[in-house]
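Proteins get letters first, then strands, A, B, ... in listed order; numbering begins at 1 in each. Values below: all heavy atoms of this structure, side chains included; hydrogens, waters and symmetry mates excluded.
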Amino acid sequence: MGLREDYLKKFEGKTYFWLGDEACAYGGVFGGCNFFTGYPITPASEVAEVISGELPNVGGYHVQMEDEIASIAALIGGVWAGARGMTATSGPGFSLMQENIGYAIMTETPCVIVDVQRSGPSTGQATKPAQGDVMQARWGTHGDHNIIALAPNSVQECFDLMIRCFNLSEEYRTPVILLMDGEIGHLRERITVPSLKSIKLKKRKKGKKKDLLFGGELIPPFKEIGDGHYLHVTGSTHKENGIRDVESQKVHEKLVTRLYDKIEKNREKLVDLEEKWMDDAKIAVISYGAAARPTEGAVALLRKKRKKIGFMRLRTIWPFPREQVRALGKKVKKIYVPEMNLGQLSREIERFVDCPVVGIPKIGGIVHTIREITTAMERS
Amino acid sequence: MNVRFCGFGGQGIVMAGYITGSAAVRDGKKATQTQSYGSESRGGACKSDVAISEEEIYELESEEVDLLVAMSQQAYERYIKTLRKGGILAFDEDLVTPKKTAHKLYKIKATDLAHKKFGREIVANMIMLGYITSISGFVSKDSMIQTILDNVPKGTEKMNEDAFELGHRLGSKVK
């Protein structure tokens, strides 16, 4: 057994009262992370605090950078040198990272970016939670692109989804976002660490000399710096061998369409959602992240009053589960969407359904209460 | 069972919530703990909520609590309206002057005792934890002590445990 397994064994099967941020850090370590770069920011700092203490125990490295731009730049560089890496930040830092997230997409760099969303815009309510980055996660970087973003709603899921983030980033050779929120990041609850044996880690598919670094197949294998390859890696439009070509319309179209398609064509494999009480539902409620907790409580309460209401929770936010939502829109008469923003996912849902979509927005740094959700549902 | 600890930053309010929730998990129950604090590292308004249940916990922001632990006047005034009718108010009597309300009142000189008996005001939260463990019984004493011992800085275990025990004794006298 290696140093990593030896060390992680002590956590196996144990129950803890961890913060969401803490579970996210351990999920990263169990997900194979050996490199973390970051800059502290509430409410994500605890991810760095915990992982900076643990990475040296598993032979990994933590680097605190001078800001978020440098953090993601160093992350991308580290991954090209062979690391399995992540960073963690919140809204303002996530904004600073956007350009290099585009660079990671364009250079097909597998990495994980945790955004523990806080109340904005700007400094906003720095210590308070929100879900205002749903669209920033999707469209924050410029140009045509696709993205994978997962949203946990419990401390256990911060751990579990972090492992999935790392696996997806390797499988699709792309940055993956764990779209947490400050409510879940700063929530403590019971979590049980699974056994190392039960965690399947997707290994990096490494390219051989003859393999094209940026083409040849939908998801080309990765060639690391230091493995003896001649590499050319650029955020500019490039040919399948990596050489820059910013003049050809065809080269650009082929590259960017492939980058888009590797997620688009696997949409169904990436979709991950939970449904409850849908069989006889006439009305549905869709939510995600922290807002999904009181939402589920509200639906449970209304079910007790014999109301035919179903509950859908998205664990994968991007790519959006449009076929599932489209089907739901045909089945129910109305869809409610509680979220901690002024209506970001509800607008996305509207695009795919014909039935009325009623947002239940809440901003100001406090998650919905069950009563607020049931009251809003009774009102409209 | 919903408990809300409130006071100002630096009093160990978040720690008190953490110990309580963690002890409940040790008891085999489901528990959540949330916290809210200002941007200041000391002195700002601070609260920490703990929910303990045998079932899934859906409500992350309690509208009503069963037990309010107040360690400052400012926090008391802000949160007393969140205490349900007939709920328990436990407060530091040197720091909080409560108004007449329909609640069960339990007072203790937690900060003063911490200073006089231990020379460390920081253990006021442990005295308060012992006190409310005794008057409410929502978490087992054993789990609380174990959790405290696991989480306080090395070398301070005995002081913290003694502070907890002092609060617990005083609580059992008023019950």
Where does [X] contact chain B at under 4.5 Å (heavy atoms): side chain, backbone, both or neither?
X	answer
A/A298	neither
A/E183	side chain
A/T15	side chain
A/I366	side chain

In terms of heavy-atom pairs under 4.5 Å, which option from A/T295, A/L187, A/V367 contacts chain B the most?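 Going by pairs under 4.5 Å, I would pick A/L187.
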
Considering only heavy atoms and a distance below 4.5 Å, find which of A/E372, A/R188, A/Q125, A/E189 pairs most often with chain B. A/R188

Check this for me: does any side-chain nitrogen of one of [X] and [Y] sit under 4.0 Å from a carboxylate oxygen of the other?
X	Y	answer
A/E296	A/R303	no
B/E59	A/R293	no
A/E275	A/R315	no
B/E63	A/R371	yes
B/K116	B/D112	yes

If we ignore angles and hydrogens, is there a donor and acceptor under 3.5 Å between the side chains of [X] and [Y]?
X	Y	value
A/E46	A/H186	yes
B/R26	B/T147	yes
A/D115	A/Q117	no

Heavy-atom check, side chain of B/K109 versus side chain of B/H115, under 4.5 Å: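 No. Closest side-chain heavy atoms not under 4.5 Å.
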
With chain A as the partner, which of B/T34, B/V50, B/L60, B/V25 has the greatest number of non-hydrogen pairs under 4.5 Å? B/L60

Proximal to chain A - members of residues 87-105 of chain B, heavy-atom separation under 4.5 Å: none

